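All chains are named by letter (A, B, ...) in the order of the sequence lines, taking the proteins before the strands, and each is independently numbered beginning at 1. Basis for what follows: all heavy atoms, side chains included, without hydrogens, waters or symmetry-related copies. What you are looking at is a predicted structure, and each value in this text was computed from that prediction instead of being measured.
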Amino acid sequence: MIARTIVDVPAAQTDRLFDYLIPAHLEQIIQPGMRIIVPFGPRQIQGFVIEVTATSDVPKLKSVQEVLDPVPVLTSELLQLGRWLAHTTICFQISAFQVMLPAALKTSVMKELHLLVAHRELEMPLQPLFQQNKKVLWKDAVDHLGSQLGLVRKALDAGQLVVHYVVKEKAKKKMEKWVKVNKEADLTSIKSSAHKQLEIIHFIEQKAEPIRSQEVLTATQSTRAVLKSLIEKKLVLEWDQETYRDPLQGVRYKPSPPLPFTDEQQQAFIPLKKAIVDKRSETFLLHGVTGSGKTEIYLQAIDEVMKQGKEAIMLVPEISLTPQIVSRFKSRFGEEVAVMHSGLSVGEKYDEWRRIHRSEVKVVVGARSAVFAPFSNLGLIIMDEEHETSYKQEDMPRYHTKEVAIKRSVHHQCPVILGSATPSLETFARAQKGVYTLLSLKHRVNNRPMPTVDIVDMREELRAGNRSMFSVSLMEALKRRLELGEQSVLFLNRRGYSTFVMCRDCGYVPQCEHCDISLTYHRSNHSLKCHYCGHEETMPVECPECTSEHIRFFGSGTQKVEEELTRVLPEARVIRMDVDTTRTKGSHQRLLDAFGNGDADILLGTQMIAKGLDFPNITLVGVLAADTMLHIPDFRSAERTFQVLEQVSGRAGRHQRPGEVLLQSYTPEHYSIELVKSHDYDTFYQMEMRQRKAAEYPPYRYMALVTISDPDLPNVIQKAQKISDYLKSTLGSETVILGPVVSPIARIKDRYRYQCMIKYKNEPRLTEALQQILQHYLRDTTQGKLQISLDMHPYFFM
DNA sequence: AGCACGCCGACT
DNA sequence: GTCGGCGTGCTC
């Protein structure tokens with residue numbers, strides 16, 4: 001039998017099947033979807049078995065070396081999905097398979113040198129390497145020998161050394177020692193003077209069930225030595241048992257029963273339930289204002305799915321995957337829930353993945369990659385905050401979670417629910433057209449009013465002589481909350497406002513020498529750092545351009561706001577939440593808990609506080625600069641502005657007390673800001689659609705982005721022009737090719753970047769044309785330094 | 001991506 | 001003559 005295999009080499013030339021002979025002893029074992037080790041040229045690497053066939057066209061076949069999995073890690077559905085993913089996003093198949101699995105399953109190959117003779121026989125420079133060990137990592141040999149590496153080749157030729165490729169799996173199963181009493185043992189053989197041993201034996205005996213060794217030691221206050229002597233006498237049996245890491249560290253959740261639905265929720269639930277029961281692949285858009293109870297609908301829909309004996313995937317944006325949301329699912333569904341997010345360690349993610357893979361859980365709550373959860377009996381996929389950009393993966397494969405979810409729903413004949421208060425225009429347009437089924441929740445639960453929103457014109461503030469970052473009304477509102485003992489949230493839209501350094505005399509801004517981007521100031525070590533390549537330099541004391549001393553940290557970061565805030569409101573207790581204060585594990589939750597406990601009056605933060613926050617005492621939300629996002633040169637900037645403002649507004653007045661929102665803006669008349677006042681998504685949608693139509697942007701047109709980069713500027717320009725010309729000559733006359741133009745970030749890591757944008761309506765041969773281009777420049781991309789990257793559904797045009 | 005093979009210049 | 005530099009092409 002033949003194993004047709006995709007090998008773990010992400011390169012254009014190896015992006016195809018390689019056939020391997022299955023040795024007789026593995027014939028009953030190897031199945032599609034398993035990982036195997038195969039010889040590839042002179043080395044050994046990992047591969048995925050795609051299919052098993054009887055014959056091969058290749059005359060001389062090598063044999064499969066080893067099987068890594070007892071059961072396939074990829075189901076036939078996921079194998080198919082991977083092929084589809086590679087084709088639609090134009091990436092290597094291996095990258096598509098790799099993204100569906102936890103990182104722990106990725107193997108690394110170690111090249112080792114093994115000594116075959118006595119180390120004294122080696123040439124002198126090689127001897128110290130092998131003095132201690134018979135094997136040495138190739139990497140270490142390179143480090144130690146440097147230019148004398150040629151001696152290794154000689155020793156290899158002379159048969160003194162041999163190269164071995166050792167495949168290392170990263171996956172480590174967590175093992176724990178367990179004990180039980182040996183039934184056949186004669187317990188009376190313990191001397192009565194051995195108090196500790198007797199204590200331990202009795203403790204284990206009374207438990208009846210096996211117990212963790214560690215638990216025995218803690219309970220009896222003994223040392224391992226005592227237990228060990230019992231084990232050696234075979235009175236107690238000890239063995240290693242695999243356990244799952246518990247990322248929630250033993251937190252137990254109180255069960256929470258379903259909440260009664262409002263009429264509106266009930267109305268929305270009926271068609272969802274029907275689709276679940278009818279096993280229909282249908283995509284719903286659940287459009288509900290903030291606080292309208294979407295989560296309760298998700299929970300009860302999942303409950304319905306579980307009653308059918310099926311599984312559900314609950315997708316949430318990474319940033320809102322807080323313990324708050326997790327606990328809501330855990331307390332409803334208990335042990336049936338797995339959680340997947342970037343905060344987990346590689347090992348923890350692997351454990352959660354295996355719980356899904358072994359069908360030990362019925363529900364997975366997770367970010368983007370959880371859409372690939374290896375369920376085989378999927379009954380529902382929910383995507384909360386459907387409009388969130390984090391659902392788009394920005395490196396290969398550049399997939400959109402929504403597309404994958406819908407693809408899987410077709411395979412499993414199950415519904416998809418897209419939920420949002422502010423759906424992306426693409427999604428809402430499809431719901432309008434009837435491609436998706438629209439379900440609306442227009443009211444908050446318990447008829448809580450939407451918060452009142454006021455817009456403060458910061459230009460007027462300036463005219464009135466207020467140069468601070470807080471308007472008079474915001475200051476007054478904050479002071480009022482302090483007096484009433486209520487809490488406020490201050491939101492700083494950091495996108496567009498970076499923490500750059502600027503000379504106040506000549507306006508000089510330090511830039512990265514490898515990337516055309518301003519350096520970011522890092523207070524911790526008083527340095528300037530590039531966010532793209534990591535380049536770091538010390539903060540200059542004087543301006544390199546004009547030698548002025550007035551060069552300093554500029555931008556309006558949260559730190560700066562915090563300083564200002566404590567200056568003008570010294571009595572206020574402030575909690576700041578941004579990337580700096582939430583870097584360590586669990587700090588996110590600690591800060592939120594502190595705020596929830598009323599340890600602070602004001603929560604100041606960036607994007608990460610815009611969603612999921614649900615505290616009864618928040619009655620004021622202030623947005624410091626509502627329009628910073630609006631000026632980012634991106635056709636979606638108005639949409640993002642409206643979405644984020646609507647989202648933060650939703651944090652206020654979710655409970656008894658009514659909420660108030662203050663938006664400070666320099667362009668208060670813009671519809672994306674104005675319409676937050678009335679929480680009027682529909683009007684925003686219509687106005688924005690008009691803009692999109694006029695400029696032929698999505699959802700009226702599809703879009704694709706080609707980015708060409710190379711260290712040699714003339715080469716980039718020339719190649720970009722040729723690519724653009726080729727596209728113009730190949731694609732339909734209705735298709736618009738913009739560019740080549742310089743990318744918004746003109747240079748990253750010393751590579752100059754140009755891009756072409758493709759706007760099209762119907763272009764069945766687009767994928768083919770783009771693949772043609774990749775093929776045509778294969779030489780330049782593999783041997784030269786040219787890079788061509790494709791994004792079939794770009795979200796950011798950088 | 002690695003890795004070997006092979007063809008040129010500059011050294012013992 | 002040989003060592004080692006890098007361009008070229010292959011991996012079932």
Spacing between [X] atom [atom1] and [N] atom [atom2], to the nearest angstrom:
X	N	atom1	atom2	result
A/Gln98	B/dA1	CD	P	15 Å
A/Ile45	B/dG2	CD1	P	10 Å
A/Ile37	C/dC12	CD1	P	14 Å
A/Gln787	B/dA1	CD	C1'	14 Å
A/Ile94	B/dA1	CD1	P	14 Å
A/Lys785	B/dA1	NZ	P	13 Å
A/Gln46	B/dA1	CD	P	18 Å
A/Lys106	B/dA1	NZ	P	12 Å

**Asked** Nearest 0.5 Å, what's the NZ-CG distance between A/Lys407 and A/Leu81?
**Response** 7.5 Å
**Request:** Just jot down the salt bridge (Lys or Arg N to Asp or Glu O under 4.0 Å) partners of A/Glu763, sequence neighbours excluded, or say none.
**Result:** none
**Item:** Worked check of side-chain hydrogen bond (donor to acceptor under 3.5 Å, both in side chains) between A/Asp395 and A/Gln393
**Value:** CA-CA 6 Å; A/Asp395 40 48; A/Gln393 168 133 34; 2.8 Å; yes
**Message:** Are A/Tyr777 and A/Tyr726, when compared by the centres of their aromatic rings, separated by less than 6.0 Å?
**Reply:** no
**Message:** Run A/Glu426 and A/Arg636 through salt bridge (Lys or Arg N to Asp or Glu O under 4.0 Å) and show every step you take.
**Reply:** CA-CA 11 Å; A/Glu426 283 94 332; A/Arg636 276 188 257 255; 2.6 Å; yes
Look for any protein N or O under 3.5 Å of an N or O in nucleotides 6-11 of chain C and output each such pair with its distance, or none.
| from | atom 1 | to | atom 2 | distance (Å) |
| --- | --- | --- | --- | --- |
| C/dG9 | OP2 | A/Arg779 | NH2 | 2.9 |
| C/dT11 | O3' | A/Gly41 | N | 3.0 |

**Complete:** A/Pro42 has its side chain closest, among C/dC12, B/dA1, B/dC3, to B/dC3
**Prompt:** Taking only side-chain nitrogens and oxygens of A/Tyr165, does any of them come within less than 4.0 Å of OP1 or OP2 of B/dG2?
**Reply:** no
**Request:** For the pair A/Glu536 and A/Ser527, evaluate side-chain hydrogen bond (donor to acceptor under 3.5 Å, both in side chains) and give the outcome as yes or no after the intermediate values.
**Result:** CA-CA 7 Å; A/Glu536 198 169 343; A/Ser527 68; 3.0 Å; yes
